[in-house]
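Keep in mind that what you see is a predicted model, and the values were worked out from it rather than measured. One-based numbering, in listed order, for ligands and for the atoms of each.
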Amino acid sequence: MDDVVEGRTFNTGLVIVATLLIAKLICSFLIPKSTKRVPPVVKTWPFIGGMVRFLKGPIVMLREEYPKLGSVFTLKLFHKNVTFLIGPEVSAHFFKAPENELSQQEVYQFNVPTFGPSVVFDVDYSVRQEQFRFFTEALRVNKLKGYVEQMVTEAEDYFSKWGSSGEVDLKQELEHLIILTASRCLLGREVREKLLDDVSALFHELDNGMQPISVLFPYLPIPAHRRRDQARKKLAKIFADIIGSRKSSGNSENDMLQCFIDSKYKDGRATTDEEVTGLLIAALFAGQHTSSITSAWTGAHLLCNDKYLSAVLEEQKKLMEKHGDRIDHDVLAEMDVLYRCIKEALRLHPPLIMLLRSANSDFSVSTREGQEFDIPKGHIVATSPAFANRLGFIYKDPERYDPDRFSAGREEDKVAGAFSYISFGGGRHGCLGEPFAYLQIKAIWSHLLRNFEMELVSPFPETDWNAMVVGVKGKVMVRYKRRDLSVN
Ligand code: HEM
């Protein structure tokens with residue numbers, strides 16, 4: 001009896017297996033295979049593996065994975081998929097895609113408590129676009145010309161306090177000077193002349209309130225966030241008073257504050273005090289550390305590189321022959337060698353090492369080898385100036401400081417096509433402050449070159465990868481001696 005039951009069970013099993021096999025065969029003919037070509041995934045331990053790799057340093061991870069996986073790959077960070085697009089071919093979509101396909105709002109939400117309500121990532125894209133138009137208008141050439149006068153005055157005043165010779169931490173000096181310049185050009189005369197210490201201390205609290213943990217949990221009730229929120233409130237009060245007094249006195253100044261006060265939305269609505277404060281905070285966050293870090297790297301490279309130090313000095317001499325001591329917007333615009341030296345420092349050390357978007361719809365990219373990948377809706381999409389700016393197929397000897405790679409005849413960033421040089425991002429959300437940043441750094445360095453002989457006395461600095469805006473680690477000690485750059 002048992003044998004009969006066993007035989008029947010065996011036969012039934014065979015029939016089921018055969019049916020399943022036939023069904024699968026029919027399906028494979030009738031239903032087309034999924035054509036999705038998903039990016040390769042970084043191999044890590046389940047769940048926390050991705051986070052561990054990321055915390056070890058995103059650039060370390062990119063250096064390890066790019067040679068194995070190529071220019072498109074996905075890292076699993078807890079429940080999120082982060083897909084990296086490295087190099088101009090695949091990152092073009094990152095930079096050009098419209099907001100409804102790739103957006104910044106979700107991934108940059110952590111800025112909201114710092115910038116405050118009703119601005120930038122706290123508003124719809126249509127309002128944000130209008131607010132970025134206010135930035136564009138505040139940074140037009142006619143405005144920049146006025147800011148340059150203030151930049152030059154600030155640099156002259158600041159360095160007049162240096163002795164005839166001495167030793168300084170150049171990094172700290174440049175940080176201080178850029179706070180003064182940014183305060184004058186962006187926050188306005190009242191802050192620069194009367195409230196600098198108070199406002200700087202409050203900005204310092206905002207800075208400290210932006211911890212790595214804040215990116216994931218911006219409202220976590222920790223002391224740094226509480227101090228950030230209090231500082232934000234105090235800044236709102238200070239700016240409301242300044243705006244009120246400018247409006248009631250009818251005084252108008254040449255600064256970004258004034259531009260934001262005078263800005264109007266398309267429907268004719270004026271900006272509120274809260275919005276003006278928020279936009280100024282955003283401007284300072286975008287432009288202050290980035291510029292002071294770039295000034296410091298430029299100095300470190302120039303002082304370690306006789307060829308380029310001589311070249312920038314020669315250029316200053318020529319400009320002095322032509323224009324005398326005058327430094328204004330147009331003279332700064334003629335400083336091509338200095339420009340390339342800054343641009344190369346920024347290629348090697350972009351302060352914003354990772355740019356992010358959120359994919360609101362599926363999209364595809366083609367690699368330079370002709371492979372196609374589909375990136376699904378819901379992925380976080382990332383690209384990295386710090387990694388992509390050193391790709392060997394774009395830049396010859398990419399680790400070397402070689403400003404001439406940007407000169408006529410080579411122009412390595414242009415030869416390789418758009419989005420080969422991404423220290424300022426590019427495309428739809430490219431940096432609006434790039435001209436301002438170059439003018440500011442050139443104004444500082446042309447003054448230093450003309451008035452001081454300098455020597456780097458500490459070792460060439462390392463990178464501080466732990467900072468949110470990645471900068472120079474430790475001090476940059478410089479020995480200086482006053483000089484008058486002789487024209488002959
Ligand atoms: C060396 C200095 C600077 C560097 C390296 C830099 C870098 C960048 C980068 C990489 C982006 C693109 C971010 C993204 O795509 O997610 C960006 C955007 C932006 N930057 Fe800068 N920046 C600098 C200076 C400034 C200054 C001085 C200002 C203003 C005073 C400024 C204002 C902005 C604004 C408003 C945006 C947003 C543009 C948009 O989303 O449409 N930046 N910057």
Side-chain angles (χ1 to χ4, degrees), residues 85 91-99 102-111 115 119-121 123 125 127-140 143-144 147-148 150-151 174 178-179 181-187 255-257 259-260 278-298 339 342-358 380-386 388-389 419 421-445 468-472:
L85 303 176
S91 63
H93 186 74
F94 179 98
F95 290 113
K96 291 199 291 195
E99 188 72 8
L102 284 182
S103 68
Q104 294 180 313
Q105 183 123 11
E106 298 83 348
V107 285
Y108 294 156
Q109 262 304 302
F110 65 89
N111 289 297
F115 297 173
V119 289
V120 193
F121 301 115
V123 291
Y125 182 56
V127 180
R128 186 153 72 248
Q129 262 182 313
E130 292 215 57
Q131 294 179 344
F132 282 148
R133 172 169 58 78
F134 304 158
F135 271 98
T136 308
E137 282 160 12
L139 293 162
R140 283 202 197 290
K143 302 280 179 200
L144 290 175
Y147 302 154
V148 167
Q150 298 161 7
M151 292 168 182
L174 294 171
I178 282 190
I179 290 176
T181 317
S183 305
R184 181 67 191 86
C185 302
L186 309 179
L187 307 183
D255 49 40
M256 195 173 246
L257 167 61
C259 296
F260 289 156
L279 294 174
L280 284 176
I281 294 174
L284 225 72
F285 264 75
Q288 185 185 311
H289 294 313
T290 47
S291 298
S292 81
I293 288 165
T294 307
S295 307
W297 283 119
T298 303
Y339 166 77
I342 299 167
K343 181 169 177 175
E344 177 67 339
L346 200 44
R347 178 185 72 83
L348 289 168
H349 313 281
L352 303 184
I353 61 167
M354 200 65 74
L355 310 179
L356 303 172
R357 301 287 185 267
S358 170
I380 291 176
V381 186
T383 195
S384 167
N389 277 354
F419 313 115
Y421 179 94
I422 54 169
S423 296
F424 288 103
R428 199 168 277 273
H429 293 290
C431 178
L432 299 174
E434 179 175 347
F436 181 98
Y438 273 114
L439 289 168
Q440 188 174 25
I441 301 166
K442 281 181 183 173
I444 292 171
W445 272 100
M468 291 283 282
V469 181
V470 167
V472 178

Q) Which is closest to atom 40 (O) of ligand 1 by heavy-atom distance: Arg128, His429, Gln440? A) His429
**Q.** Given Glu99, His429, His93, the one that forms side-chain contact (heavy atoms from CB on, under 4.5 Å) with Arg357
**A.** His429
(Q) Give me the atom names and distance for the closest heavy-atom approach of Leu355 to Tyr108. (A) CA-OH, 3.7 Å
Q) Thr294 heavy atoms, cut-off 4.0 Å: which ligand 1 atoms fall inside? A) 1 (C)
Q: Identify the two heavy atoms, one from Ser295 and one from Ile178, that lie closest to each other, and give their separation to 0.1 Å.
A: OG-CD1, 3.6 Å
**Q.** Location of contacts on Gln104 toward ligand 1, heavy atoms closer than 4.0 Å
**A.** side chain
**Q.** Side chain, backbone, both or neither: Phe424 near ligand 1, heavy atoms under 4.0 Å
**A.** both
Q: Identify, for atom 27 (C) of ligand 1, the protein heavy atom at the shortest distance, and state residue, atom and that distance.
A: Gly287 CA, 3.4 Å
(Q) Students should be able to answer this: which protein heavy-atom is nearest to atom 16 (O) of ligand 1, and at what distance? (A) Tyr108 OH, 2.7 Å
**Q.** Contact atoms of ligand 1, heavy-atom distance to Phe436 under 4.0 Å
**A.** 27 (C)
Q: Could you tell me whether the side chain of Ile293 reaches within less than 4.5 Å of the side chain of His349, counting heavy atoms only?
A: no
Q: Counting heavy atoms only, name the option from Gly427, Cys431, Ala437, Ala282 that's nearest to atom 42 (N) of ligand 1.
A: Cys431
Q. Between Ala388 and Ile422, which heavy-atom pair has the shortest distance, and what is it?
A. CB-CD1, 3.9 Å
Q) How close do Gly426 and Phe419 get, heavy atom to heavy atom, and via which atoms? A) C-CE2, 4.0 Å
Q: Return the residue, atom name and 0.1 Å-rounded distance of the protein heavy atom closest to atom 34 (C) of ligand 1.
A: Leu432 N, 4.0 Å
Q) Given side chains that start at C-beta, do those of Phe110 and Met468 come closer than 4.5 Å, heavy atoms only? A) yes
Q) Is the closest side-chain donor-acceptor distance between Gln105 and Arg128 under 3.5 Å? A) yes
**Q.** Shortest protein contact, atom 7 (C) of ligand 1 (heavy atom only)
**A.** Ser423 O, 3.5 Å
Q: Check the angle between the aromatic planes of Phe132 and Phe135 and answer parallel, tilted or perpendicular using the 30° and 60° thresholds.
A: tilted
Q. Which one of Ile178, Leu439, Thr290 has a non-hydrogen atom at the shortest distance from atom 23 (C) of ligand 1?
A. Thr290
Q: Heavy-atom contacts with Leu352 under 4.0 Å: which atoms of ligand 1 show up? List them by number with element.
A: 7 (C), 8 (C), 9 (C), 10 (C)
Q: Report the nearest protein non-hydrogen atom to atom 13 (C) of ligand 1: residue, atom name, distance rounded to 0.1 Å.
A: Leu355 CD2, 4.0 Å
Q: Starting from atom 32 (C) of ligand 1, locate the nearest protein heavy atom and write down its residue, its atom name and how far away it is, to 0.1 Å.
A: Ala286 CB, 3.5 Å
**Q.** Under 3.5 Å: donor-acceptor pair, side chain of Arg428, backbone of Phe95
**A.** no
Q: Within a distance under 4.0 Å of any heavy atom of Gly430, pick out the atoms of ligand 1 and give their elements.
A: 38 (C)
Q: Check whether any N or O atom of Ser291, backbone or side chain, sits under 3.5 Å from an N or O atom of ligand 1, and answer yes or no.
A: no
Q) Which atoms form the tightest heavy-atom contact between Ser91 and Leu85, and what is the distance? A) CB-O, 3.9 Å
Q. So, for Tyr438 and Phe424, is the gap between ring centers shorter than 6.0 Å?
A. yes
**Q.** Arg357 N/O to ligand 1 N/O under 3.5 Å
**A.** yes
Q: Would you kindly specify which portion of Phe95 sits under 4.0 Å from ligand 1, judged on non-hydrogen atoms: side chain, backbone, both or neither?
A: neither
Q) What residue and heavy atom of the protein are closest to atom 28 (C) of ligand 1, and at what distance? A) Gly433 CA, 3.4 Å
